[in-house]
Amino acid sequence: MMQAPPSAIARQWSLDTKINDLVGNSAGDAVALALGDGRVALFAAQEAEQEPQLLPLHDGVSLALAACGDGFVSGGDDGRVVAFGLGVEARELARQQGRWIDQVASDAEGKMLAYAYGKNLQLLTADGAPHGIAKQHVSSVGGLAFSPNGKRLVATHNNGVTLWWTAATAQNPVTLPWKGSHLLAAWSPDGKIVMTAMQENALHGWRLSDMNEMRMQGYAGKIRSLSWSVKGRYLVTSGAPQAICWPFFGGGPWGKAPLALGTDRGMLARCAAAHPKDELVAVGYDDGMIELAPLDGRPSIMIHPPVAEEGHEVVGLVWNKSGDCLFAATTDGYVMLFTIDSVANAVTP
């Protein structure tokens, strides 16, 4: 493992409250953080000399946070679904009195949104108008994700996933069964594969053209992040002592071993984020350490050291669109911005 150049760290902020999540918008020019006191924090994704914009959105906690076009959408334990962004006024899109909004999602352009409360899923147009009636599932929804073209929506739940067409207000959905509790969901960039992270510390996936399934087991902990490398060549995952990267080129991952990136110190990788342009992955660990790990086998670079105090887990990593800025957040309230003038030069042989 190599040390990062001193100029890599640009800025650090302390928000003095717990951070639950860090998300980048679809345009790659802003990031948002869900805070433990009901507020969200907003940053421009390329500026070091800035202070966060703090918005009091929820009377409680932001339970779910997602990109929504140029902005974001948040769901809280106060039953509110709120759209917000840099330079725009936050607006309530929906409210479910007495219910928790467990999941939110949006298509890439922010034209269609979805939120879940318990077993129920509701689609919304961009102005907050309900699109059809609420759709019910066999159990509480664990994750939501729109397909890259926005035409389909996957909802995860116990013992499988359900696929919905977003344009239809009435339909018979497609259910893909697999025993266990399915949580995070991710579509491949070409929209041909649906992957889920499971409560049972495993991945499961379906190739929709022939319903060929894939099952990846052996993770040491919960898989908290799924990220596709440039051109969808690898699915990068957390939940092990290193970032586990499954190859999706050359016929897919069937019968192939994954790459393991980063330094195995017996500490779980909590999150991993693939670079938007280069074969590079940022890996964040439970003790606050952050590495940049190339996918071609070159040594990784530590850009933030381990932290002795407990509670410094890296809860999120987000690259900006150009890939020269990396935002990181830790559960104890710290936000860090790393600027990298040239990733190719920084990750030396």
Side-chain angles (χ1 to χ4, degrees), residues 4 6 8-25 29-68 71-92 100-102 104 222 224-225 238 267-271 273 282-291 302-320 325-339:
I9 301 177
R11 187 78 189 276
Q12 177 172 296
W13 299 265
S14 177
L15 301 183
D16 295 323
T17 188
K18 181 181 179 182
I19 297 175
N20 294 323
D21 200 4
L22 168 66
V23 173
N25 68 349
D29 60 6
V31 298
L33 300 102
L35 307 182
D37 58 7
R39 296 178 299 167
V40 297
L42 280 167
F43 290 87
Q46 68 281 344
E47 298 176 11
E49 299 303 320
Q50 62 175 313
E51 294 301 323
Q53 181 180 345
L54 298 172
L55 304 176
L57 294 190
H58 297 287
D59 184 15
V61 179
S62 172
L63 298 175
L65 185 64
C68 181
F72 305 88
V73 60
S74 174
D77 61 1
D78 56 358
R80 300 180 71 221
V81 180
V82 184
F84 64 97
L86 285 172
V88 297
E89 186 175 351
R91 56 194 177 95
E92 181 179 294
W100 288 13
I101 307 301
D102 303 303
V104 293
K222 186 175 181 180
R224 300 177 184 273
S225 65
S238 63
M267 190 68 58
L268 284 183
R270 186 182 178 95
C271 53
V283 187
Y285 294 86
D286 271 344
D287 62 355
M289 191 173 101
I290 303 171
E291 289 181 279
M302 182 177 68
I303 62 173
H304 190 265
V307 177
E309 296 85 1
E310 293 184 1
H312 203 77
E313 301 95 337
V314 180
V315 72
L317 294 166
V318 170
W319 294 95
N320 68 348
C325 290
L326 174 69
F327 275 82
T330 60
T331 53
D332 55 352
Y334 288 96
V335 182
M336 292 166 281
L337 170 60
F338 303 91
T339 57

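Here the structure is a predicted model, which is why all the values come from computation and not from measurement.
Interatomic distance, CZ of Phe327 versus CZ of Phe43, reported as 6.5 Å (0.5 Å rounding). For the atom pair CG (Asp77) and CG (Leu63), the distance works out to 5.0 Å, reported to the nearest 0.5 Å. Rounding to the nearest 0.5 Å places SG of Cys271 at 7.5 Å from CD1 of Ile290. For the atom pair Asp21 CG and Leu33 CG, the distance stands at 8.0 Å (nearest 0.5 Å). Between the CG atom of Asn25 and the CG atom of Leu86 there is a distance of 8.0 Å, given to the nearest 0.5 Å. Rounded to the nearest 0.5 angstrom, Leu15 CG and Asp332 CG are separated by 10.5 Å.
Here the closest heavy-atom approach between residue Ala269 and residue Val283 is recorded as CB-CG1, 3.8 Å. Of all heavy-atom pairs between Leu326 and Ala282, the closest is CD2-CB, 3.8 Å. Pairing each heavy atom of Ala45 with each of Val31, the nearest pair is CB-CG1, 4.4 Å.
Qualifying side chain to side chain contact (heavy atoms under 4.5 Å, CB included) partners for Asn20, counting only residues two or more places apart in sequence or in other chains: Lys18, Ala34, Val61. Every residue two or more places apart in sequence or in another chain that forms a side chain to side chain contact (heavy atoms under 4.5 Å, CB included) with Ala32 is listed here: Leu42, Leu65, Phe72, Phe84. With sequence neighbours excluded, the residues satisfying side chain to side chain contact (heavy atoms under 4.5 Å, CB included) with Ala67 are Val23, Ser26. Checked against side chain to side chain donor-acceptor pair (under 3.5 Å), Glu51 has the following partners two or more places apart in sequence or in another chain: Arg11. In terms of the side chain to side chain contact (heavy atoms under 4.5 Å, CB included) criterion, residue partners of Ala273 (sequence neighbours excluded) are, by chain and number, Leu317, Trp319.
Environment of CD in Glu92: crowded, with over 12 heavy atoms of neighbouring residues, nucleotides or ligands closer than 6.0 Å.
For the residue pair Glu313 and Tyr285, no side-chain donor N or O sits within less than 3.5 Å of a side-chain acceptor on the partner.
Counting heavy atoms from C-beta outward, Thr330 and Val315 have side chains that stay 4.5 Å or more apart. Looking at heavy atoms from C-beta onward, Arg91 lies out of side-chain contact with Val82 at the 4.5 angstrom threshold. Looking at Met289 and Met267, their side chains never come closer than 4.5 Å, going by heavy atoms from C-beta outward. At a threshold of 4.5 Å between non-hydrogen side-chain atoms, the residues Thr17 and Asp37 count as touching.
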Go through Gln12 and Val335 one step at a time and tell me if the side-chain contact (heavy atoms from CB on, under 4.5 Å) criterion holds. CA-CA 6 Å; Gln12 177 172 296; Val335 182; over 6 Å; no
How far apart are the C-alpha atoms of Leu35 and Val40, what are their side-chain angles, what is the distance that settles it, and do they pass the side-chain contact (heavy atoms from CB on, under 4.5 Å) test? CA-CA 6 Å; Leu35 307 182; Val40 297; 5.8 Å; no
Could you go through Val307 and Asp287, starting from their C-alpha distance and side-chain angles, then the distance that decides it, and tell me whether this counts as side-chain contact (heavy atoms from CB on, under 4.5 Å)? CA-CA 6 Å; Val307 177; Asp287 62 355; 6.0 Å; no
Applying side-chain contact (heavy atoms from CB on, under 4.5 Å) to Thr331 and Ile19, what does each step give before you reach the verdict? CA-CA 5 Å; Thr331 53; Ile19 297 175; 5.9 Å; no
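In this structure, the side chain of Trp13 does not engage the main chain of Gly333 through any donor-acceptor pair within 3.5 Å. Formation of a donor-acceptor pair under 3.5 Å by the Asn320 side chain with backbone atoms of Cys325 is found in this model. Side chain of Ser238 to main chain of Ser225: a donor-acceptor pair is present (N/O by atom type, distance under 3.5 Å, no hydrogens or angles).
Note on ring orientation: taking the six-membered ring where Trp is involved, the planes of His312 and His304 are parallel (angle under 30°, cut-offs 30° and 60°).
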Return all side-chain donor-acceptor pairs below 3.5 angstrom for residues 52-59, not counting sequence neighbours, or 'none' if the list is empty.
from	atom 1	to	atom 2	distance (Å)
His58	ND1	Asp78	OD1	3.0
His58	ND1	Asp78	OD2	3.4
His58	NE2	Ser74	OG	2.7

